[in-house]
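Following: one structure in structure tokens, then a few remarks.
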Amino acid sequence: MKRSKIALSSVALAGVGALALAGCASGGSAEPTGDAGAVITANGSEPQNPLIPTNTNETGGGKIIDEIFAGLIYYDAEGEPVNDVAEEIEVVDPQNLKVTLKEGQKFTNGEEVTADNFINAWNYGALLSNEQLSSYFFEDIEGFSWDEDSELTGLEQIDEYTFTIALNKPASDFALRLGYSAFYPLPDVAFEDMDAFGESPIGNGPYKLASDDAWKHDVEINLVKNEDYTGGREAQNAGLDIIFYASQDAAYADLLAGNLDVLDAIPDSALATYESDLGERAVNQPAAIFQSFTIPERLAHFSGEEGQLRRQALSMAINRPEITETIFQGTRTPASDFTSPVIAGWSDDLTGAEVLEYDPEKAKELWAQADAISPWTGSFQIAYNSDGGHQSWVDAVTNSIKNTLGIDASGAPYVDFASLRTDVTTDVIQTAFRTGWQADYPGLYNFLGPLYATNAGSNDGDYSNPEFDTLLNEGISSTDLGDANAKFQAAQEILLQDLPATPLWYSNVNGGFADTVDNVEFGWNSVPLYYAITKG
């Protein structure tokens, strides 16, 4: 799962013409009300890799990358795109864009940000031999190759502050994607020694590293305000210390004790009490996070018509409202589709969505129909990583299935996330397994294309349906927002029949902040807007 709302038509699905991604920062231009010399403390986790934008695809590193770099656009609290380094992004047509940069933008080593800094960074991220985790974000650009090292020939510099992007297929939401961290620029010095650069990166965002040794591995990272940053995310505080906690319980204890300013993850042990503990300082709001489990069609009893019937039966055997209330204390919302309510175009009125409702009698009927094709044997299991706090809900889901269908059902724990993902990605796993998605950018396509399109990079169940692919391609090629969303919704109605993954619930962001800070706002993707926070 990667770390990824309203009225996005002005960028993602606009007609031909010049599109200035205009807007005000969410608090970035306001006068600070607290001590501008105060440093904010927040929770985090040790990054998986050196801090290189195209090789950072987990939340620990992503949280830092997004504070020390600025891209062409950023997303405000509501998921609206706002110009950052870009002066203008012109969507010429669904396959061609023209980008004009603001002049005078600088990296913290004094180097000016130019078109080359984007072109070189994107080419580095896309190059096969560099093995960057986010390389797939460049696959729509002409010249990209999964088979050999190849230059992104679709990137052309017009002058120092202008470049064009030619895509190899229509992607009408490509402009909207450009706020994601894979598209950040890199200074020239990065290419002299990328590994060393990743340990002490030089960015162009609202914060910069406090010193060459600001990243204290497995402890914390210290950031200070970048006084040269002139975009809409200007920091209203002096800096940001991100503490790498070994457990959510320890972080929550520090928050209650006044030793931590902002927390974006409440431990399970406190879900029932944190809102009363924190009062108005508690946060419980929808975020662009979707949870599910996946059953590969290659497993016995789960291919063809039999498999479709069994997936539908299993889905209708799950009491989502009871589980989200009992296990998650109302901090999750039962899913009615495959995306998220905070994304423009979301609908809770899709044909076939009743398959996500708890209906024991219908579940038994469907299971019996599947048994008539081939009698069920064995047990049903859902694999999960034990280090992620998933056992309670997996046990609840499998108990609901067991009690409804009268079959043996249970969880299948893995010691850690890496072990689970290795078996999933190598097709070794012989059970269902937990899956989910945190949006990379605020668009419906991001929840559908990467997960369910034929041969897509995150298509863990190897699902393939030509009718779904056609609707998805028609939607992403359309420049009309209403038409595109209609295509994506129609595509989801196919998913509701096939259930390549079984939607469970949408996750809320559950967090809080101390009485030491003000102007705390959590964004569409569950991350606090650190730059807007004031203290004192």
Side-chain angles (χ1 to χ4, degrees), residues 1-4 42-69 71 121 124-138 180-184 186 190 193-203 205 207 209 213-223 240-248 250-251 263-265 288-289 291 383-390 414-426 433-441 446 450-451 457-458 460 507 525-528 530:
M1 183 177 73
K2 172 61 195 64
R3 41 159 191 117
S4 354
N43 69 298
S45 57
E46 172 71 12
Q48 178 185 4
N49 297 307
L51 295 170
I52 299 167
T54 52
N55 207 41
T56 300
N57 73 340
E58 42 76 40
T59 54
K63 184 179 291 185
I64 300 166
I65 288 284
D66 288 343
E67 302 307 317
I68 61 178
F69 285 92
Y124 179 87
L127 201 66
L128 182 68
S129 60
N130 287 333
E131 299 180 328
Q132 298 294 281
L133 293 173
S134 294
S135 62
Y136 68 93
F137 271 90
F138 306 102
Y180 181 59
S181 57
F183 296 104
Y184 290 160
L186 289 175
D193 187 336
M194 193 62 76
D195 288 337
F197 177 83
E199 291 295 322
S200 186
I202 295 167
Y207 295 95
L209 270 64
D213 59 353
W215 183 1
K216 302 173 181 63
H217 287 277
D218 299 309
V219 179
E220 64 180 359
I221 190 167
N222 310 121
L223 309 179
L240 176 64
D241 287 347
I242 300 178
I243 315 300
F244 305 148
Y245 285 94
S247 73
Q248 294 177 351
L263 176 67
D264 65 3
I289 304 174
Q291 300 288 347
Y384 64 94
N385 50 303
S386 298
D387 62 349
H390 300 289
Y414 277 68
V415 64
D416 55 30
F417 184 67
S419 300
L420 172 63
R421 291 303 302 171
T422 297
D423 278 6
V424 168
T425 56
T426 57
F433 48 89
R434 63 161 290 263
T435 44
W437 193 254
Q438 180 177 4
D440 302 312
Y441 61 92
N446 185 236
L451 279 74
S458 297
D460 291 333
S507 293
N525 62 348
S526 81
V527 180
Y530 297 113

If you define the side chain from C-beta out and look only at heavy atoms, does anything of Phe197 sit under 4.5 Å from Pro50? no

Steps toward side-chain contact (heavy atoms from CB on, under 4.5 Å) verdict (Lys63, Asn43): CA-CA 10 Å; Lys63 184 179 291 185; Asn43 69 298; 4.3 Å; yes

Side-chain donor or acceptor of Ser386 paired with backbone N/O of Tyr414 under 3.5 Å: yes

Please report the interatomic distance CG(Leu51) to CD1(Ile202), rounded to the nearest 0.5 Å. 13.0 Å

Close side-chain approach of Asn55 to Met194, heavy-atom, < 4.5 Å: no

Between Trp215 and Gly198 (side chain of the first, backbone of the second, donor and acceptor by atom type, cut-off under 3.5 Å), is there such a pair? no

Derivation and outcome, side-chain contact (heavy atoms from CB on, under 4.5 Å), residues Asn385 and Arg434: CA-CA 8 Å; Asn385 50 303; Arg434 63 161 290 263; 2.8 Å; yes

Checking Asp66 against Tyr184 for the side-chain contact (heavy atoms from CB on, under 4.5 Å) test, could you report, in this order, the C-alpha distance in whole Å, the side-chain angles of both residues, the deciding distance, and whether it holds? CA-CA 9 Å; Asp66 288 343; Tyr184 290 160; 2.7 Å; yes

Do the side chains of Leu209 and Pro201 get nearer than 4.5 Å, heavy atoms only? yes

Taking the side chain as everything from C-beta on, heavy atoms only, tell me whether Thr54 gets closer than 4.5 Å to Phe137. no

Min side-chain heavy-atom separation Pro47-Thr56 under 4.5 Å: no

In plain terms, say whether Arg421 and Asp460 are close enough for a salt bridge, that is, a side-chain N and a carboxylate O under 4.0 Å apart. yes

Any side-chain heavy atom of Lys216 sitting closer than 4.5 Å to one from Asn222? yes

Distance col, row Asp218:CG vs Ser45:OG, nearest 0.5 angstrom, shows 10.5 Å

Identify, with sequence neighbours excluded, every residue that meets side chain to side chain contact (heavy atoms under 4.5 Å, CB included) alongside Leu127. Ser129, Asn130, Asp149

Rounded to the nearest 0.5 Å, how far does CD of Glu220 lie from OH of Tyr245? 9.5 Å

Please evaluate residues Phe433 and Asp423 with respect to the criterion side-chain contact (heavy atoms from CB on, under 4.5 Å), reporting the C-alpha separation (whole Å), side-chain torsions for both, the decisive distance (0.1 Å), and the verdict. CA-CA 10 Å; Phe433 48 89; Asp423 278 6; over 6 Å; no

Would you check if the side chain of Gln438 reaches a backbone N or O of Asn525 as a donor-acceptor pair within less than 3.5 Å? yes

Correct closest heavy-atom pair for Asp264 and Ser526 would be CB-O, 4.2 Å

Evaluate the side-chain proximity of Val424 to Thr435: yes if any heavy-atom separation is below 4.5 Å, no if none is. no

Rounding to 0.5 Å, atoms CD1 (Ile68) and OG (Ser181) come to a distance of 11.0 Å

Decide yes or no for Tyr530 and Leu223: does some side-chain heavy atom of the first lie under 4.5 Å from some side-chain heavy atom of the second? no

OG1/Thr425 to CG/Leu420 distance, rounded to the nearest 0.5 angstrom? 9.0 Å

Name the residue from Tyr124, Phe183, Tyr180 that meets the ring pair (Phe, Tyr, Trp, His ring centres under 6.0 Å) definition with Phe138. Phe183

Distance-minimising heavy-atom pair for Asn446 and Trp437: O-NE1, 3.0 Å

